[in-house]
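Let me begin by presenting the structure, written as structure tokens, before commenting on it.
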Amino acid sequence: MKDSHQQKEDYQLEVEMKLIEAKANVYKRYEGPQENHYEGPPLQRSGVHDLIQSQTEISRTMIDQQKLVSLSRLDIQIFDGKVQDYRAFIAAFEHNIGQLTENKQDRLYYLQQFTSGKPRELVRSCMGKDPN
């Protein structure tokens, strides 16, 4: 039986392959040989360019969402304010969450989940503020 890390890698590979296949289908549809009896000046392909750009943005969004889904499976120790645990906690948090989320508000929500006691109260006090 595959471990969860291997299953995650297999899933990511499958998603990437499907995205490549979808892009190839778009290229075939819009760039492939077409019978055209139009004899005027060449048509601009800005619509195709826009379509490919939109597809790329959708792909990035899907990858970002996939990263966020994986966050709930992580095992990070809850930080309760003990000074001796701080460096290990921050290193684990930055590695497992900070690098996977670009949105600072999302990071605050995850930070709240992985803290308790006074550190959690401090994080909660920052929740309604501009994270920038």
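All values below come from the heavy atoms of this structure, side chains included, with hydrogens, waters and symmetry mates left out. Everything quoted here is computed from the prediction, not taken from an experiment.
- To the nearest 0.5 Å, the span separating CG on L111 from OG1 on T101 amounts to 10.5 Å.
- Considering CZ of R107 and CD1 of I97, their distance stands at 10.0 Å, rounded to 0.5 Å.
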Tell me which donor-acceptor pairs under 3.5 Å the side chains of residues 116-126 have, and how far apart each pair is, sequence neighbours excluded?
unit_1	atom_1	unit_2	atom_2	d
R120	NE	Q112	O	3.2
R120	NH2	Q112	O	3.2
S125	OG	L122	O	2.5

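- When atom types are taken as modelled, the side chain of D80 and the backbone of K82 share a donor-acceptor pair closer than 3.5 angstrom.
- For the atom pair CG (N103) and OH (Y110), the distance works out to 11.0 Å, reported to the nearest 0.5 Å.
- In this structure the side chain of F79 never reaches within 4.5 angstrom of the side chain of F93, judged on heavy atoms.
- For I90, the side-chain contact (heavy atoms from CB on, under 4.5 Å) partners two or more places apart in sequence, or in a different chain, are Y86, E94.
- Counting non-hydrogen atoms of neighbouring residues, nucleotides and ligands closer than 6.0 angstrom, the CD atom of E102 reaches no more than 12 such neighbours.
- In this view, D85 satisfies the salt bridge (Lys or Arg N to Asp or Glu O under 4.0 Å) rule with no residue, not counting sequence neighbours.
- Of all heavy-atom pairs spanning F114 and I76, the tightest one is CD2-O, 3.6 Å.
- Across all non-hydrogen atoms, the minimal contact from F89 to Q77 is CD1-O, 3.4 Å.
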